[in-house]
Structure formats: structure tokens, C-alpha cells
Amino acid sequence: MKKRIFHKLAFLGASAVAITVLLGKIQGQQRMIRRQMEELADDRGTIKAITGNMREGLIMVSPRGTILSVNSSAIALLGAAPGDWAGRDIGELSQLPELSAALSSALEGRAASLTAWCGQLFCRLFANPVYQERELTGAILLILDDTEREKSEKLRRDFSANVSHELRTPLTSISGFAEMIETGMAGENTRDFAGRITRESARLLTLIDDIIRLSRLDEHAPTPMGRVSLTAVCREVLTNLSLVAHRRGVTMKLQGPEVWVRGNARMLEELMTNLCENAIKYNREEGSVVVETAAGSVPGTVTVTVRDTGIGIPAASFQRVFERFYRVDKSRSKQTGGTGLGLSIAKHLVECHQGSISLESTLGEGSAFTVTLPEAG
Ligand code: ADP
């Protein structure tokens, strides 16, 4: 009897040990699973934080086109409403044909790269298939905002087309007049034709100089900057232009306190020359030009305004006059030897100085161009 009880107790003891070992194992496994889940949550958090802070749009879709994950940049780039899009069909997020074409290709196992206008934005789309152990498990789509590059590319294309056109016009006149002289068709007009050739050639040279100037500015070469008296620069420009102004019966005046800016004296002289030449060119007989310096409304800035009593600029052209080759009145600009590049050069020069340029004008009454520049410390 005693022996049986002893055996039973021994058996129970052994079972308790086994159970304790088992419990220990289960607890160990539970700890491991908890740790792994925490690690996974951490990983997901990290991935979410990374994709959430990306400027690029990132979308992951299942083979059926269900959104597995989408970051906020993708939602914004595609112009969709902010919110949780996971679990919904990609077609609900965007109906852009290029996007669905890129995704279809990726879901068929072929990487695709396309460009598309998403509203106001020009986007580059990259779609790649995703494989796990050779099995296609979805696709990943990357969306990049390429608007700035596209805009500058378009500007460059337009500029090249405009340059060819602008060069062609005087060259056609020159060769036409020269041919008439050569074939004896000019007769007694020879001198007149020769004069026209001279004028057109001068226009061509000015145009080429302006084009070269603009492309140099486009290179954004470092500009040596220093402490410059803007007042002294303006005084110099007015002296240089006094004869031209006098010929047109326009009076010029400099007023305001002496202001100092951080800049490049030669560039500032070029800027003020462009603005003052226009103020003379587009003025009326007996008109006036006032160049006025002042402290800027923002501390640490100064302004210079070139005000004329000329023909004025229509409000619809306020932005456009700074575009390359844009003229309000093409024939008047050409008559006065204009190239349509002066104000775009001026804007470039202002931007090189981290400044800004603005325009106020009333048709038939005059225009005022105001340049704001950083004050010299
Ligand atoms: P342009 O060589 O033709 O003068 P700009 O780039 O200097 O070229 O100016 C662009 C256009 O803006 C001019 O053709 C003219 O129509 C207009 N414009 C510029 N300055 C003035 C001004 N002070 N008054 C009236 N119109 C102006």
C-alpha cells in the first residue's frame, strides 16, 4: 500500500515537473511571439514614418489592384482626398490612364515608366512588379513631381524656337536688301537700302548680345558681391543715358536717400540701365523719368523705383512683360530697337541678388517698376 502511494506521488511529481517545463516553454514562446510582434509593429512604424515623410508618392497594390498601402504624398500628387485608402481599389484613388497603364504592365510582370500631367503637376510614374519566391505578389508605384523640370524644359524649347524666329526676321530683311543692291534693282534707293541693312544688322547684334547675356545668366555662375551704393549706380546710369533722354525730350531725376545694397555693381548698373532705357523709350514727348530710392517696407531691404509718364502697360501684361521676347506692342518695341529681352534680363539680375521686382502701371499715364534688394550690412 505504502509502495503504491509512493509510486503515485512519484508519478505526480514527474508530471508536475513536465507541466512546469511545458508551461515554461509556452511562456517562452509567448514572450518570443510578443517580441516579434513588437518588432513587426516597430518595422511597420518605421516604414510608415519613412514613407510618410517622402516627397515622392509610394503606392503598393495587390495583384487584384487593391491598395495595400499608400503614403500621403501619393494622395496629394494624385489630387485625391486625404484619408485611409488602404483596402480600396486603385481606380478609386486615381483614374489617370497613364497610372492604370503603368500598373497593368507591372502586374503583368513588366516594369513601366511613364509621364503624365496630374492636374497642375507634371509627374513621372515608375511601376515595378513585386515578387516573393518567384510568385508575383503585387506592384509598387513611385510617383515623382517633375513639374519644375518640365517647366524649365518647356521654357528652353520655347526660347530656342523664339530665338530662331527673332534672328530670321532681320536676316531675311538684310539678305533681301543686299540682293536688290547686288542685282541693280535698288537703283537710286541704294543708299536707303544700305542704311536699312546697317540698322537691321545693329538690331541683330543687340539681339545676339542679349541672347548671350541671358544664357550666361542661366548658367548661374557665382557672382562676386560687395557693398554697393545703389544711389551712386543710379546716378551713373542717369548720366550715361542723359543724351538719349535729351534726344527724346524726356527729363530724368534721381531722388531719395543714399541706399547701400549687397550686390554686384556691374550687374546693378545693367539692371538700372534696362529699366531706365525702357522708361525713356516708352515715354511720351516732354515726359519725365523719376528714379527714387527708399528704405524697404521689410527691415533689411531697400527699394529703387523707376517711374515714367509713358504709354503704360495693360494689367493683363504685368506678369508677361518679364517673359522672354514678350512685347505689349511688337511694332513699337522694334521701332525703338527693342529685343523683348530687357525685362527678363532685369528679372534675372534681380534674382541673382535675392531681390524681387514688381510693376504698377496705368495705361496712358505711366509705369513704375520697383526693385527690392537686400540692404548692405
Ligand atoms: P523691349 O526690348 O521690347 O523693350 P523688354 O523686355 O525690355 O523688351 O520689355 C518688354 C515689353 O514690356 C516691351 O516691349 C514693352 O511693351 C513693355 N514695357 C517695358 N517697359 C515699359 C515701360 N516703362 N512702359 C511701357 N511699356 C513697357
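Just so you know, ligand 1 is whichever comes first in the structure, and atom 1 is the first atom listed for that ligand. Heavy-atom basis, side chains included; hydrogens, waters and symmetry copies ignored.
Contact atoms of ligand 1 toward K281: 1 (P), 2 (O), 4 (O) (distance under 4.0 Å to a heavy atom of the residue). Here is the list of ligand 1 atoms found below 4.0 Å of a heavy atom in G312: 25 (C). Close contacts between ligand 1 and T339 involve ligand atoms 1 (P), 2 (O) [criterion: under 4.0 Å to a heavy atom]. For ligand 1, the atoms closer than 4.0 angstrom to any heavy atom of I313 are 18 (N), 21 (C), 25 (C), 26 (N), 27 (C). Within ligand 1, counting atoms from 1 as listed, the ones closer than 4.0 Å to a heavy atom of F369 are 20 (N), 23 (N).
The closest donor-acceptor contact from the side chain of N264 to the backbone of L349 lies at 3.5 Å or more, if one exists at all. Under the 3.5 Å distance criterion, the side-chain polar atoms of S361 are matched with a main-chain donor or acceptor of G366. Between the side chain of D146 and the backbone N or O of R124, no donor-acceptor pair lies under 3.5 Å. No side-chain donor-acceptor contact under 3.5 Å links N189 to the backbone of D192. In this structure a side-chain-to-backbone donor-acceptor pair under 3.5 Å is present from S105 to R110.
Evaluation of the ring pair (Phe, Tyr, Trp, His ring centres under 6.0 Å) rule for F322 yields no partner, not counting sequence neighbours.
With respect to atom 3 (O) of ligand 1, the closest heavy atom belonging to the protein is S333 OG, 2.5 Å. For atom 7 (O) of ligand 1, the closest heavy atom belonging to the protein is N278 ND2, 2.8 Å. Counting only heavy atoms of the protein, atom 21 (C) of ligand 1 lies nearest to Y282 CD1, 3.5 Å. Atom 12 (O) of ligand 1 has V321 CG1, 3.3 Å as its closest protein atom, hydrogens excluded (heavy atom only). In this structure, the protein non-hydrogen atom closest to atom 23 (N) of ligand 1 is D308 OD2, 2.9 Å.
Heavy-atom distances between F322 and ligand 1 stay at or above 4.0 Å for every pair. Heavy-atom distances between S367 and ligand 1 reach below 4.0 Å in at least one pair. Heavy-atom distances between K330 and ligand 1 stay at or above 4.0 Å for every pair.
When only interatomic distances are considered, the shortest N/O to N/O separation between I311 and ligand 1 does not fall below 3.5 Å. Residue S344 has no N or O atom closer than 3.5 Å to an N or O atom of ligand 1. For G340, a nitrogen or oxygen atom sits less than 3.5 Å from a nitrogen or oxygen atom of ligand 1, counting backbone and side chain alike. For the pair Y326 and ligand 1, the shortest N or O to N or O distance does not fall below 3.5 Å. Backbone and side-chain nitrogen or oxygen atoms of L343 are examined, and one is located within less than 3.5 angstrom of a nitrogen or oxygen of ligand 1. The shortest N or O to N or O distance between V328 and ligand 1 is under 3.5 Å.
Each salt bridge (Lys or Arg N to Asp or Glu O under 4.0 Å) pair with one or both residues in residues 303-316, not counting sequence neighbours, appears once here: E292-R307.
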Show your reasoning for whether side-chain hydrogen bond (donor to acceptor under 3.5 Å, both in side chains) applies to Y326 and S317.
-> CA-CA 9 Å; Y326 180 83; S317 300; 2.8 Å; yes
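Residue L341 touches ligand 1 through its backbone alone, judged by heavy-atom distances below 4.0 Å.
Interatomic distance, L125 CG to L78 CG, rounded to the nearest 0.5 Å: 8.0 Å. Taking CE from M252 and OG1 from T239, the interatomic distance works out to 9.5 Å, rounded to the nearest 0.5 Å.
I33 and L23 fall into different hydrophobic clusters, where Ile, Leu, Val, Met, Phe, Trp and Tyr side chains are chained together by heavy-atom contacts under 4.5 Å.
Between F193 and F177, the two ring planes are tilted [angle within 30° to 60°].
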